[in-house]
Amino acid sequence: MTGAEDSLAREQSRRELLARMGTGLVAITVDTAFGQLTPARARARGAPLRNLDAAEGRTLEALGEVLLPGAAEAGIAHFVDDQLSRENPMLLLKYLDFTTAYADFYKQGLRSLERVSQARFQTSFLQLQPGQKTALVREMSQKDPAAWTGPPAPLFFFVIRNDAVDVYYGTPQGFEKLGIPYMAHILPPQKW
Amino acid sequence: MEKVDVAIVGSGAAGSLFAANLAQKGKKVVILEAGPERAMGDLVSSQIWSRRLKWGGPPTDSAGKDPLSVNFASGWGTGGSAMHHYANWFRLHPEDFEMKTRFERGLDWPFSYDELRPFYDRIQVEVGISGDAAKEVWRPAVAPYPMPPLQSFAQGALIARGFAKLGLRTSPLPMAINSVEYKGRAACVYDGWCDAGCPIYALANPLTIYLPQALKAGATILHHSFATRVLTRTEGDRATGVEYFDAQGQRQVQEASVVVLAAYAFQIPRLLLNSRPGGLANSSGLVGRYMMAHAGGNVFGLFKEDTQNYLGMTGGQLLSQESYAKDPAKGFLSASQWMIGNALKPNDLLGIVNARPDLFGSELHDFLRTAGKHLATMTFLGEALPNPDNRMVLAGGKDKYGFPLARVTHDFGPDDIKSFEAGMKQGQEIFKAAGAYEVWAGGRVQIHTMGGAIMGRRPETSVTNPYGQTHDVSNLFVAGSSLFPTSGGVNPTFTIHALALRSAEYLIQNWSSLV
């Protein structure tokens with residue numbers, strides 16, 4: 001059976017689809033040593049990262065937390081890390097026509113953030129005071145800070161900010177936090 | 001691999017229509033689709049998951065002052081980019097076909113609106129379009145729509161109030177989305193997931209009509225089949241088939257009497273340029289030139305009312321083409337339109353989050369909570385005049401199959417920018433008149449992709465003839481928006497269908513002289 005014929009055969013009636021609207025929990029999941037988990041649960045269970053190293057993961061969480069408080073607990077590092085293993089990642093970075101390896105984009109950006117923090121404050125980005133973090137991130141949103149050597153800082157800001165929103169608000173639970181009806185047609189193939 | 005009558009590269013809007021028409025006439029057809037197989041059940045309602053539908057093949061280096069959007073605009077898998085298109089289906093206007101003749105700017109199409117009109121008309125009935133012909137006063141001469149307009153919601157009504165106060169007219173958007181059940185296909189349920197792919201057959205993506213027709217008539221589709229070259233006999237004047245690489249990375253050759261290139265507008269020039277030193281079908285030197293995009297942008301406003309911005313269609317609810325006429329007195333020639341009241345989701349490139357890309361931290365949370373209920377937006381779509389220097393070339397680096405990657409450079413011209421700036425100014429005035437308490441304009445973006453293998457009457461000034469048949473290789477056809485000599489100021493998919501139907505029938509009628 002071909003794809004289109006199969007799709008016709010598998011097509012559910014509109015009534016069935018309507019019945020499912022608003023009742024489904026469309027998820028994003030990550031593959032971990034503990035099986036498929038949501039990014040938040042993967043983080044809570046301490047699932048090791050597979051593409052980013054632990055320090056990069058911590059920096060990504062710290063940056064995500066500045067960009068959207070709650071993004072760290074929602075599992076931004078595990079979401080990004082898992083997507084970097086996939087042949088056709090579902091990261092917003094894809095839309096920016098970045099032509100080199102996606103993992104390099106993240107690694108170079110995170111290392112650059114650490115480098116700037118060390119050069120400017122003689123300490124890790126993780127250890128900065130909230131006001132220092134906010135000021136540095138605001139600068140990143142507009143230009144490359146001095147000593148920045150990664151991808152363009154405003155681009156890096158844009159991508160990580162969107163990753164944070166994806167993982168925090170891009171799910172039925174996230175929509176619910178905003179009071180927006182999710183109204184799913186179809187559930188994803190993966191389980192929680 | 002057994003020789004077939006027709007090998008079609010790409011299973012999107014043009015490829016699926018070509019395949020259906022040729023297979024129904026008894027031709028043995030194979031479609032080579034670069035991406036994976038997708039069925040309706042794969043169209044998950046999620047802006048994150050929707051990214052699977054976008055280009056996942058070799059990258060294109062997009063350069064210039066206004067880089068074209070490659071991965072976001074292109075498709076990946078069954079149905080190509082039409083699987084994630086918003087189904088805003090417009091006809092080009094008569095003056096769009098005669099830009100050079102009427103205004104001494106740009107290029108002419110090699111035929112008039114009247115010549116394409118019957119194909120628009122037939123597609124309109126076969127696919128089904130919802131709209132209100134009486135209210136769409138700017139519309140070229142044509143039969144009424146086969147379906148009543150789609151519903152509009154609070155967001156559309158609020159913005160329309162601003163248009164009305166300024167004496168500007170609006171109408172329902174014409175959309176290839178069912179407002180009522182049509183030919184056994186369900187009506188829209190207004191959940192705003194168009195960008196993620198509509199799985200209920202309400203939106204006319206290739207899985208709704210033409211691919212099922214093609215497969216029923218005996219066409220075959222091969223997924224994970226990445227076309228790398230059109231093969232020719234030594235002289236380069238006859239295509240013999242298509243070279244492609246399968247899911248296992250093995251080189252394959254599909255021999256064919258006729259080859260149709262119906263991939264997205266970035267891949268067609270690349271394929272031609274990679275097929276032969278100097279490019280295949282490139283005696284004009286125009287393969288890869290005249291790459292175009294619409295100059296687009298959004299105006300945003302916050303209203304005290306609940307805008308219900310989660311309801312409706314991604315492409316919008318209402319239309320205004322009050323600025324479409326190509327009037328040099330405006331100070332620019334580019335036509336434009338407003339698509340009003342786009343359904344919004346919190347995340348993704350076009351999501352609420354990027355209405356204010358400067359915000360972060362608690363301010364971003366606050367904005368998303370407010371905007372989720374009170375944001376309204378409309379999309380400006382402006383014509384870009386053709387420029388041969390907006391061009392794709394082969395660049396450094398190779399894909400995993402060993403073929404050169406492409407670089408495309410694109411700058412908008414002065415008319416395009418003036419049109420966009422006038423639009424953003426007007427849009428903010430409209431939102432203020434509508435009563436928004438906060439109004440702002442987003443940045444300029446590049447929407448859709450056209451050109452790169454343009455059609456025309458003369459082999460010196462175009463790549464193909466008016467039917468998409470390449471001037472240099474008589475059994476090689478191009479289909480899709482690559483053919484467009486100008487962009488017009490409307491979304492291209494309806495025109496892509498009309499052109500493909502016209503070309504497919506020409507191919508059938510002239511079969512014996514082509515093979």
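Order of the sequence lines sets the chain letters (A, B, ...), proteins ahead of strands, with each chain counted from 1.
Across every non-hydrogen atom of Lys94(A) and Lys54(B), the tightest pair is NZ-O, 2.7 Å. Between Met90(A) and Trp49(B), the closest heavy-atom pair is SD-CA, 3.5 Å. Across all non-hydrogen atoms, the minimal contact from Tyr182(A) to Ser45(B) is OH-O, 2.6 Å. The nearest pair of heavy atoms linking Met183(A) to Asp191(B) is CE-CA, 3.6 Å. Contact between Ile186(A) and Met40(B) at its shortest, heavy atoms only, is CD1-O, 3.5 Å.
With a threshold of 4.5 angstrom between heavy atoms, Tyr168(A) approaches chain B through side-chain atoms but not through N, CA, C or O. Heavy atoms closer than 4.5 Å to chain A are found nowhere in Asn309(B), neither backbone nor side chain. For a residue to count as touching a neighbouring chain, one of its non-hydrogen atoms must lie under 4.5 Å from one of that chain's; by this rule Thr99(A) touches chain B with backbone and side chain alike. Proximity to chain A is limited to the backbone of Tyr190(B), based on heavy atoms less than 4.5 angstrom apart. At a 4.5 Å heavy-atom cutoff, the contact between Leu368(B) and chain A is made by backbone and side-chain atoms alike. Heavy atoms closer than 4.5 Å to chain A are found in the backbone of Leu68(B), but not in its side chain. Heavy-atom distances place no part of Thr220(B) under 4.5 Å from chain A, backbone and side chain included. Contacts between Trp76(B) and chain A at a heavy-atom distance below 4.5 Å involve the side chain alone, from C-beta outward.
Below 4.5 Å, heavy atoms of chain B meet heavy atoms from Val66(A), Leu67(A), Leu68(A), Pro69(A), all part of residues 57-77 of chain A. At a heavy-atom cut-off of under 4.5 Å, chain B is reached by Thr134(A), Val137(A) from residues 122-137 of chain A, listed in order of number. For residues 100-115 of chain A, heavy-atom neighbours of chain B at less than 4.5 Å comprise Tyr102(A), sorted by residue number.
The line from CG of Leu92(A) to CZ of Arg51(B) is 5.0 Å long, rounded to the nearest 0.5 Å. The distance from atom CZ of Phe175(A) to atom CG of Asn347(B), rounded to the nearest 0.5 Å, is 5.5 Å.
Side-chain contact between Tyr95(A) and Asp348(B): present, with at least one pair of heavy atoms (C-beta onward) separated by less than 4.5 Å. Counting heavy atoms from C-beta outward, His365(B) and Tyr169(A) have side chains that approach closer than 4.5 Å. Considering only heavy atoms from C-beta on, Phe79(A) comes within 4.5 Å of Ile48(B) through its side chain. With contacts defined as side-chain heavy-atom distances shorter than 4.5 Å, the pair Pro67(B)/Asp97(A) does not qualify. Residues Phe158(A) and Leu349(B) have side chains in contact (heavy-atom distance under 4.5 Å, counting atoms from C-beta outward).
Per-residue counts of heavy-atom pairs under 4.5 Å with chain B were compared for Leu178(A), Val165(A), Asp166(A); the largest is that of Asp166(A). Ranked by heavy-atom pairs shorter than 4.5 Å toward chain A, the options Pro346(B), Ser62(B), Ala73(B), Pro59(B) are led by Pro346(B). Of the residues considered (Leu43(B), Asp61(B), Val70(B)), Val70(B) shows the highest number of contacts with chain A, using heavy-atom pairs under 4.5 Å.
Between the side chains of Arg161(A) and Asn354(B), at least one donor N or O lies within less than 3.5 Å of an accepting N or O.
Atom NZ of Lys183(B) has more than 12 heavy atoms from other residues, nucleotides or ligands within 6.0 Å. More than 12 heavy atoms of other residues, nucleotides or ligands shown are found within 6.0 angstrom of CD on Gln118(A). The local environment of CZ in Arg185(B) is crowded, with over 12 non-hydrogen atoms from other residues, nucleotides or ligands closer than 6.0 Å.
Remark: Ser179(B) pairs with Ser130(B) by the side chain to side chain donor-acceptor pair (under 3.5 Å) rule, at least two apart or across chains.
Taking the centre of each ring, Phe157(A) and Phe360(B) come in below the 6.0 Å mark.
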